[in-house]
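Counting convention: from 1, in listed order, for ligands and their atoms alike. The residues of the chain are indexed from 1 along the displayed sequence.
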Amino acid sequence: MLDLVTVRAGLAEHYDLAPSLDLAEATKDIYARMDRVVTPADWAIYAPYVVAINTLKKKRGAVILAHNYMTPDIYHGVADFVGDSLQLAIKAVEVEEDVIVQCGVHFMAETSKILNPAKTVLMPDMEAGCSLADSITAAGIEQMRAKYPGAPVVTYVNTTAEVKAASDICCTSSNAAQIVAAQDSDTVIMTPDKYLAQNVAQQVPGKRIVWWDGACIVHERYTAQDLIEFREWNPGTRIIAHPECPPDVVAEADFSGSTSGIISYVEREKPQKAMLVTECSMASNISDALPEVDFVGPCNMCPFMKKITLEKVLYSLHTMTTPVEVDKAVAEKAKLAVQRMIDLSKQLGI
Ligand code: 13P
Ligand code: SF4
(Lines give C-alpha, C1' and ligand atoms only; values in the text may rest on other atoms or scores of the structure.)
(Ligands and ions follow the chains in the order given, each with its own letter.)
Protein backbone atom coordinates (compact mmCIF):
# COMPACT_ATOMS: atom_id res chain seq x y z
CA MET A 1 0.00 0.00 0.00
CA LEU A 2 1.29 3.50 -0.83
CA ASP A 3 2.28 5.25 2.38
CA LEU A 4 1.24 8.88 1.96
CA VAL A 5 3.61 10.05 4.70
CA THR A 6 6.53 8.61 2.73
CA VAL A 7 5.15 10.01 -0.53
CA ARG A 8 4.84 13.51 0.96
CA ALA A 9 8.25 13.44 2.65
CA GLY A 10 9.85 12.18 -0.59
CA LEU A 11 8.26 14.95 -2.64
CA ALA A 12 8.97 17.70 -0.10
CA GLU A 13 12.71 17.05 -0.45
CA HIS A 14 12.68 17.88 -4.15
CA TYR A 15 9.74 20.17 -4.92
CA ASP A 16 8.19 23.30 -3.50
CA LEU A 17 4.56 22.22 -3.48
CA ALA A 18 3.16 24.95 -1.25
CA PRO A 19 -0.03 26.60 -2.59
CA SER A 20 1.03 29.40 -4.91
CA LEU A 21 -0.95 32.31 -6.30
CA ASP A 22 1.96 33.08 -8.64
CA LEU A 23 1.89 29.61 -10.18
CA ALA A 24 -1.91 29.74 -10.29
CA GLU A 25 -1.62 32.96 -12.32
CA ALA A 26 1.13 31.55 -14.54
CA THR A 27 -1.07 28.55 -15.40
CA LYS A 28 -4.33 30.42 -15.87
CA ASP A 29 -4.73 29.08 -19.43
CA ILE A 30 -4.83 25.55 -18.03
CA TYR A 31 -7.16 26.63 -15.22
CA ALA A 32 -9.53 28.16 -17.78
CA ARG A 33 -10.46 24.59 -18.86
CA MET A 34 -11.91 23.82 -15.43
CA ASP A 35 -12.74 27.13 -13.77
CA ARG A 36 -16.46 26.29 -13.49
CA VAL A 37 -15.71 23.24 -11.36
CA VAL A 38 -12.43 24.03 -9.55
CA THR A 39 -12.29 27.04 -7.21
CA PRO A 40 -9.39 29.56 -7.48
CA ALA A 41 -8.29 28.53 -3.98
CA ASP A 42 -8.08 24.88 -5.04
CA TRP A 43 -6.22 25.84 -8.20
CA ALA A 44 -3.57 27.60 -6.09
CA ILE A 45 -3.10 24.22 -4.36
CA TYR A 46 -3.04 22.18 -7.59
CA ALA A 47 -0.90 24.53 -9.74
CA PRO A 48 2.49 23.61 -8.15
CA TYR A 49 1.77 19.91 -8.76
CA VAL A 50 0.60 20.54 -12.32
CA VAL A 51 3.75 22.53 -13.12
CA ALA A 52 6.03 19.94 -11.49
CA ILE A 53 4.34 17.02 -13.29
CA ASN A 54 4.38 18.70 -16.69
CA THR A 55 8.07 19.60 -16.31
CA LEU A 56 9.10 16.15 -15.06
CA LYS A 57 7.01 14.41 -17.71
CA LYS A 58 9.16 16.00 -20.43
CA LYS A 59 12.39 15.17 -18.61
CA ARG A 60 11.38 11.52 -18.29
CA GLY A 61 10.12 11.25 -21.88
CA ALA A 62 6.75 10.19 -20.50
CA VAL A 63 3.19 10.47 -21.72
CA ILE A 64 0.13 10.55 -19.47
CA LEU A 65 -2.93 8.60 -20.62
CA ALA A 66 -5.97 9.45 -18.53
CA HIS A 67 -9.41 7.90 -18.38
CA ASN A 68 -12.54 10.07 -18.61
CA TYR A 69 -13.22 9.39 -14.89
CA MET A 70 -10.11 11.22 -13.70
CA THR A 71 -10.71 14.41 -11.72
CA PRO A 72 -10.51 17.71 -13.69
CA ASP A 73 -7.07 18.64 -12.28
CA ILE A 74 -5.63 15.47 -13.87
CA TYR A 75 -7.92 15.36 -16.93
CA HIS A 76 -7.28 18.98 -17.95
CA GLY A 77 -4.08 19.72 -16.03
CA VAL A 78 -1.57 16.97 -16.84
CA ALA A 79 -3.06 14.41 -19.23
CA ASP A 80 -1.66 14.22 -22.76
CA PHE A 81 -4.52 12.05 -23.96
CA VAL A 82 -7.92 11.38 -22.43
CA GLY A 83 -10.53 8.86 -23.47
CA ASP A 84 -12.56 5.75 -22.82
CA SER A 85 -11.03 2.29 -22.45
CA LEU A 86 -10.92 1.59 -26.18
CA GLN A 87 -9.41 4.96 -27.06
CA LEU A 88 -6.74 4.61 -24.36
CA ALA A 89 -5.81 1.11 -25.56
CA ILE A 90 -5.47 2.37 -29.14
CA LYS A 91 -3.50 5.42 -27.99
CA ALA A 92 -1.13 3.23 -25.96
CA VAL A 93 0.02 1.64 -29.22
CA GLU A 94 0.33 4.94 -31.08
CA VAL A 95 2.38 7.00 -28.60
CA GLU A 96 6.10 7.26 -29.21
CA GLU A 97 7.24 7.90 -25.64
CA ASP A 98 8.96 5.04 -23.81
CA VAL A 99 7.19 5.72 -20.53
CA ILE A 100 3.40 5.69 -20.11
CA VAL A 101 1.83 6.93 -16.88
CA GLN A 102 -1.64 5.43 -16.69
CA CYS A 103 -4.10 7.63 -14.87
CA GLY A 104 -6.93 5.18 -14.53
CA VAL A 105 -7.30 1.75 -12.99
CA HIS A 106 -4.95 -1.23 -13.00
CA PHE A 107 -6.52 -3.15 -15.88
CA MET A 108 -5.97 -0.14 -18.13
CA ALA A 109 -2.25 -0.04 -17.27
CA GLU A 110 -2.03 -3.78 -17.82
CA THR A 111 -3.66 -3.39 -21.24
CA SER A 112 -1.09 -0.72 -22.15
CA LYS A 113 1.73 -3.03 -21.01
CA ILE A 114 0.33 -6.03 -22.89
CA LEU A 115 0.27 -3.95 -26.07
CA ASN A 116 3.72 -2.42 -25.41
CA PRO A 117 5.88 -4.98 -23.61
CA ALA A 118 9.06 -2.96 -24.24
CA LYS A 119 7.67 0.24 -22.66
CA THR A 120 7.57 1.19 -19.01
CA VAL A 121 3.97 1.55 -17.88
CA LEU A 122 3.62 3.23 -14.49
CA MET A 123 0.65 2.99 -12.14
CA PRO A 124 0.52 5.89 -9.63
CA ASP A 125 -1.35 3.63 -7.21
CA MET A 126 -1.42 -0.14 -7.68
CA GLU A 127 -4.53 -0.36 -5.51
CA ALA A 128 -6.66 1.34 -8.13
CA GLY A 129 -8.56 -1.82 -9.03
CA CYS A 130 -12.03 -2.53 -10.38
CA SER A 131 -14.91 -4.61 -9.01
CA LEU A 132 -15.40 -6.20 -12.42
CA ALA A 133 -11.75 -7.23 -12.72
CA ASP A 134 -11.99 -8.70 -9.22
CA SER A 135 -15.10 -10.72 -10.06
CA ILE A 136 -13.51 -13.36 -12.31
CA THR A 137 -10.35 -15.44 -12.74
CA ALA A 138 -9.09 -17.54 -15.65
CA ALA A 139 -10.71 -20.56 -13.94
CA GLY A 140 -14.06 -18.77 -14.29
CA ILE A 141 -13.55 -18.52 -18.04
CA GLU A 142 -12.83 -22.26 -18.21
CA GLN A 143 -15.97 -22.91 -16.16
CA MET A 144 -18.04 -20.98 -18.72
CA ARG A 145 -16.38 -22.81 -21.63
CA ALA A 146 -17.23 -26.16 -20.00
CA LYS A 147 -20.83 -25.08 -19.55
CA TYR A 148 -21.25 -23.74 -23.10
CA PRO A 149 -18.88 -25.83 -25.26
CA GLY A 150 -17.78 -24.20 -28.49
CA ALA A 151 -19.17 -20.76 -27.64
CA PRO A 152 -16.67 -17.90 -28.10
CA VAL A 153 -15.69 -15.92 -25.00
CA VAL A 154 -15.99 -12.15 -25.36
CA THR A 155 -14.34 -10.56 -22.33
CA TYR A 156 -14.69 -6.97 -21.22
CA VAL A 157 -11.33 -5.17 -20.95
CA ASN A 158 -12.12 -4.58 -17.27
CA THR A 159 -10.30 -7.83 -16.41
CA THR A 160 -6.83 -9.09 -15.51
CA ALA A 161 -4.29 -10.18 -18.13
CA GLU A 162 -4.84 -13.84 -17.11
CA VAL A 163 -8.56 -13.56 -17.83
CA LYS A 164 -7.92 -11.85 -21.16
CA ALA A 165 -5.40 -14.59 -22.02
CA ALA A 166 -8.07 -17.24 -21.42
CA SER A 167 -10.59 -15.42 -23.67
CA ASP A 168 -11.08 -15.33 -27.44
CA ILE A 169 -11.57 -11.60 -27.89
CA CYS A 170 -11.97 -8.52 -25.72
CA CYS A 171 -14.57 -5.78 -25.92
CA THR A 172 -15.19 -2.40 -24.33
CA SER A 173 -18.45 -0.59 -23.75
CA SER A 174 -18.01 1.24 -27.06
CA ASN A 175 -17.78 -1.87 -29.23
CA ALA A 176 -19.40 -4.71 -27.22
CA ALA A 177 -22.55 -5.08 -29.35
CA GLN A 178 -20.63 -5.06 -32.63
CA ILE A 179 -17.98 -7.50 -31.37
CA VAL A 180 -20.68 -9.90 -30.16
CA ALA A 181 -22.68 -9.54 -33.40
CA ALA A 182 -19.53 -10.38 -35.40
CA GLN A 183 -18.97 -13.73 -33.62
CA ASP A 184 -19.59 -16.75 -35.82
CA SER A 185 -21.73 -18.58 -33.26
CA ASP A 186 -25.35 -18.54 -32.09
CA THR A 187 -24.26 -18.59 -28.44
CA VAL A 188 -21.74 -16.06 -27.12
CA ILE A 189 -20.25 -16.04 -23.62
CA MET A 190 -19.78 -12.53 -22.22
CA THR A 191 -17.67 -11.97 -19.12
CA PRO A 192 -17.58 -10.58 -16.51
CA ASP A 193 -20.23 -7.82 -16.56
CA LYS A 194 -23.74 -9.31 -16.45
CA TYR A 195 -25.38 -5.93 -17.05
CA LEU A 196 -23.27 -5.07 -20.08
CA ALA A 197 -24.12 -8.56 -21.39
CA GLN A 198 -27.84 -8.07 -20.77
CA ASN A 199 -27.74 -4.66 -22.48
CA VAL A 200 -25.88 -6.14 -25.45
CA ALA A 201 -28.48 -8.96 -25.61
CA GLN A 202 -31.15 -6.29 -26.25
CA GLN A 203 -29.08 -4.84 -29.09
CA VAL A 204 -28.16 -8.19 -30.66
CA PRO A 205 -31.39 -10.21 -30.41
CA GLY A 206 -30.18 -12.80 -32.93
CA LYS A 207 -27.65 -14.23 -30.48
CA ARG A 208 -28.07 -16.22 -27.29
CA ILE A 209 -25.83 -14.39 -24.84
CA VAL A 210 -24.78 -16.03 -21.60
CA TRP A 211 -22.90 -14.15 -18.91
CA TRP A 212 -20.76 -14.22 -15.81
CA ASP A 213 -22.24 -12.76 -12.62
CA GLY A 214 -20.02 -9.66 -12.26
CA ALA A 215 -21.06 -6.02 -11.85
CA CYS A 216 -19.59 -2.55 -11.50
CA ILE A 217 -20.08 -1.22 -7.96
CA VAL A 218 -20.58 2.29 -9.33
CA HIS A 219 -23.20 1.59 -11.97
CA GLU A 220 -25.15 -1.20 -10.25
CA ARG A 221 -26.24 1.30 -7.59
CA TYR A 222 -28.53 3.18 -9.98
CA THR A 223 -32.13 2.00 -10.15
CA ALA A 224 -34.81 2.56 -12.78
CA GLN A 225 -37.00 4.07 -10.05
CA ASP A 226 -34.29 6.71 -9.34
CA LEU A 227 -34.44 7.76 -12.98
CA ILE A 228 -38.25 7.77 -13.16
CA GLU A 229 -38.50 9.97 -10.06
CA PHE A 230 -35.70 12.24 -11.21
CA ARG A 231 -37.44 12.79 -14.54
CA GLU A 232 -40.74 13.60 -12.79
CA TRP A 233 -39.04 16.19 -10.60
CA ASN A 234 -36.90 17.62 -13.40
CA PRO A 235 -38.93 17.52 -16.60
CA GLY A 236 -36.91 17.99 -19.78
CA THR A 237 -33.71 16.46 -18.41
CA ARG A 238 -31.85 14.28 -20.91
CA ILE A 239 -30.79 11.10 -19.10
CA ILE A 240 -27.66 9.36 -20.37
CA ALA A 241 -26.53 6.04 -18.89
CA HIS A 242 -23.39 3.91 -19.15
CA PRO A 243 -24.09 0.33 -20.32
CA GLU A 244 -22.64 -1.06 -17.07
CA CYS A 245 -25.97 0.04 -15.52
CA PRO A 246 -28.72 -2.58 -15.12
CA PRO A 247 -30.89 -2.95 -18.28
CA ASP A 248 -34.00 -1.40 -16.69
CA VAL A 249 -31.90 1.70 -15.94
CA VAL A 250 -30.63 1.83 -19.52
CA ALA A 251 -34.22 1.39 -20.74
CA GLU A 252 -35.26 4.51 -18.78
CA ALA A 253 -32.41 6.55 -20.28
CA ASP A 254 -32.52 8.59 -23.49
CA PHE A 255 -29.10 7.35 -24.57
CA SER A 256 -26.54 4.80 -23.48
CA GLY A 257 -22.89 4.66 -24.47
CA SER A 258 -19.28 4.36 -23.36
CA THR A 259 -17.80 7.27 -21.45
CA SER A 260 -16.61 8.85 -24.72
CA GLY A 261 -19.93 7.98 -26.34
CA ILE A 262 -21.64 9.92 -23.54
CA ILE A 263 -19.36 12.94 -24.08
CA SER A 264 -19.95 12.92 -27.85
CA TYR A 265 -23.71 12.66 -27.33
CA VAL A 266 -23.81 15.68 -24.99
CA GLU A 267 -21.50 17.68 -27.29
CA ARG A 268 -23.72 16.88 -30.27
CA GLU A 269 -27.14 17.29 -28.65
CA LYS A 270 -26.33 20.09 -26.18
CA PRO A 271 -29.44 19.41 -24.04
CA GLN A 272 -30.45 22.19 -21.65
CA LYS A 273 -30.31 19.78 -18.74
CA ALA A 274 -28.42 16.49 -18.62
CA MET A 275 -28.09 13.77 -16.04
CA LEU A 276 -25.07 11.52 -16.58
CA VAL A 277 -25.83 8.15 -15.00
CA THR A 278 -22.20 7.26 -14.44
CA GLU A 279 -19.10 8.34 -12.49
CA CYS A 280 -19.11 11.86 -11.02
CA SER A 281 -16.03 13.31 -12.76
CA MET A 282 -17.60 12.91 -16.20
CA ALA A 283 -19.85 15.95 -15.82
CA SER A 284 -17.09 18.00 -14.15
CA ASN A 285 -14.67 17.32 -16.99
CA ILE A 286 -16.96 18.54 -19.75
CA SER A 287 -18.93 21.29 -18.06
CA ASP A 288 -16.48 24.12 -18.91
CA ALA A 289 -16.59 23.28 -22.61
CA LEU A 290 -20.39 23.06 -22.51
CA PRO A 291 -21.60 26.06 -20.48
CA GLU A 292 -25.02 25.85 -22.13
CA VAL A 293 -25.66 22.42 -20.56
CA ASP A 294 -26.82 22.26 -16.96
CA PHE A 295 -25.53 18.99 -15.46
CA VAL A 296 -28.05 17.89 -12.87
CA GLY A 297 -28.79 14.87 -10.73
CA PRO A 298 -26.88 12.52 -8.49
CA CYS A 299 -23.76 10.68 -9.57
CA ASN A 300 -21.70 7.86 -8.04
CA MET A 301 -18.00 7.99 -7.39
CA CYS A 302 -15.60 5.17 -8.32
CA PRO A 303 -13.38 4.65 -5.27
CA PHE A 304 -10.73 2.97 -7.43
CA MET A 305 -10.44 5.76 -10.01
CA LYS A 306 -10.30 8.29 -7.19
CA LYS A 307 -7.13 6.67 -5.82
CA ILE A 308 -5.23 8.47 -8.57
CA THR A 309 -4.27 11.99 -7.44
CA LEU A 310 -1.83 14.69 -8.63
CA GLU A 311 0.39 13.93 -5.66
CA LYS A 312 0.64 10.24 -6.58
CA VAL A 313 1.20 11.03 -10.27
CA LEU A 314 4.14 13.28 -9.37
CA TYR A 315 5.57 10.66 -7.02
CA SER A 316 5.16 8.00 -9.69
CA LEU A 317 7.12 10.06 -12.23
CA HIS A 318 9.72 11.11 -9.67
CA THR A 319 10.44 7.55 -8.47
CA MET A 320 9.45 5.80 -11.72
CA THR A 321 7.07 3.59 -9.71
CA THR A 322 5.23 1.35 -9.93
CA PRO A 323 6.01 -0.35 -13.24
CA VAL A 324 3.32 -2.80 -14.27
CA GLU A 325 4.69 -6.23 -15.15
CA VAL A 326 2.85 -9.02 -16.91
CA ASP A 327 4.17 -12.57 -17.29
CA LYS A 328 5.48 -12.90 -20.87
CA ALA A 329 3.44 -15.98 -21.82
CA VAL A 330 0.26 -14.51 -20.32
CA ALA A 331 0.90 -11.15 -22.01
CA GLU A 332 1.35 -12.77 -25.42
CA LYS A 333 -1.97 -14.62 -25.16
CA ALA A 334 -3.78 -11.62 -23.70
CA LYS A 335 -2.44 -9.46 -26.52
CA LEU A 336 -4.14 -11.70 -29.06
CA ALA A 337 -7.53 -11.06 -27.44
CA VAL A 338 -6.95 -7.29 -27.15
CA GLN A 339 -5.48 -6.98 -30.65
CA ARG A 340 -8.40 -8.92 -32.17
CA MET A 341 -10.72 -6.38 -30.57
CA ILE A 342 -8.72 -3.41 -31.85
CA ASP A 343 -8.47 -4.86 -35.37
CA LEU A 344 -12.17 -5.76 -35.52
CA SER A 345 -13.16 -2.32 -34.18
CA LYS A 346 -11.08 -0.60 -36.87
CA GLN A 347 -12.53 -2.92 -39.52
CA LEU A 348 -16.06 -2.06 -38.32
CA GLY A 349 -15.24 1.65 -38.27
CA ILE A 350 -15.74 2.07 -34.49
P1 13P B 1 -15.46 3.13 -20.78
O2 13P B 1 -14.77 2.17 -21.67
O3 13P B 1 -16.83 3.48 -21.25
O4 13P B 1 -14.61 4.34 -20.57
O5 13P B 1 -15.70 2.44 -19.37
C6 13P B 1 -14.69 2.09 -18.51
C7 13P B 1 -15.18 1.94 -17.14
O8 13P B 1 -14.51 1.43 -16.28
C9 13P B 1 -16.51 2.42 -16.86
O10 13P B 1 -16.86 2.11 -15.58
FE1 SF4 C 1 -14.48 -0.69 -12.43
FE2 SF4 C 1 -16.87 0.41 -12.16
FE3 SF4 C 1 -14.76 1.74 -11.32
FE4 SF4 C 1 -15.18 1.41 -13.96
S5 SF4 C 1 -16.44 2.57 -12.53
S6 SF4 C 1 -13.26 1.13 -12.88
S7 SF4 C 1 -16.11 -0.63 -13.97
S8 SF4 C 1 -15.52 -0.20 -10.51
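The proximity of Glu279 to ligand 1, defined as any non-hydrogen pair under 4.0 Å, does not occur for either the backbone or the side chain. Here Leu86 has no heavy atoms under 4.0 Å from ligand 1, in either its backbone or its side chain.
Using a 4.0 Å heavy-atom cutoff, Asn158 is listed among the residues neighbouring ligand 1.
Protein contacts to atom 3 (Fe) of ligand 2 involving N, O or S atoms at a distance below 2.8 Å are Cys302 SG.
Remark: Asp288 does not engage Arg33 in a salt bridge, criterion side-chain N to carboxylate O under 4.0 Å. With respect to Arg60 and Asp98, no salt bridge is recorded, no charged nitrogen being found less than 4.0 Å from a carboxylate O. Ion pairing between a basic and an acidic side chain is recognised when a charged N comes within 4.0 Å of a carboxylate O; Asp125 and Lys312 show such pairing. Salt bridge Glu110/Lys113: absent, no basic N to carboxylate O contact under 4.0 Å. Using a 4.0 Å cut-off between a side-chain N of Lys or Arg and a carboxylate O of Asp or Glu, Glu25 and Lys28 qualify as a salt bridge. With respect to the salt-bridge test (charged N to carboxylate O, under 4.0 angstrom), the residues Asp3 and Arg8 do not qualify.
Lys306 and Ser281 are linked by a side-chain donor-acceptor pair at a separation below 3.5 angstrom, with hydrogens and angles left out of the test.
Taking every heavy atom of Asp84 and a limit of under 4.0 angstrom, the matching atoms of ligand 1 come to 1 (P), 2 (O), 4 (O). Atoms of ligand 1 found under 4.0 Å from any heavy atom of His242, numbered from 1 in the order shown, are 1 (P), 3 (O), 5 (O), 9 (C). Ligand-side atoms of ligand 2 in range of Glu244: 2 (Fe), 7 (S), range being under 4.0 angstrom from any heavy atom. Atoms of ligand 1 lying under 4.0 Å from at least one heavy atom of Ser258, given by number and element, are 3 (O).
The six-membered or imidazole ring of Tyr75 lies away from that of His67, with a centre-to-centre distance of 6.0 Å or more.
Residue Asn68 places no N or O, backbone or side chain, under 3.5 Å from any N or O of ligand 1.
Screening Gln183, Arg145, Arg340 for a side-chain hydrogen bond (donor to acceptor under 3.5 Å, both in side chains) involving Asp168 leaves a single residue, Arg145.
Checking Met282, Glu244, Gln87 against atom 9 (C) of ligand 1, the nearest heavy atom belongs to Glu244.
No more than 12 heavy-atom neighbours from other residues, nucleotides or ligands sit within 6.0 angstrom of NZ on Lys333. Sparse packing is recorded around CD of Gln272, with 12 or fewer heavy atoms of other residues, nucleotides or ligands lying under 6.0 Å away.
Residue, atom and distance of the protein heavy atom nearest to atom 2 (O) of ligand 1 are Ser85 OG, 2.8 Å.
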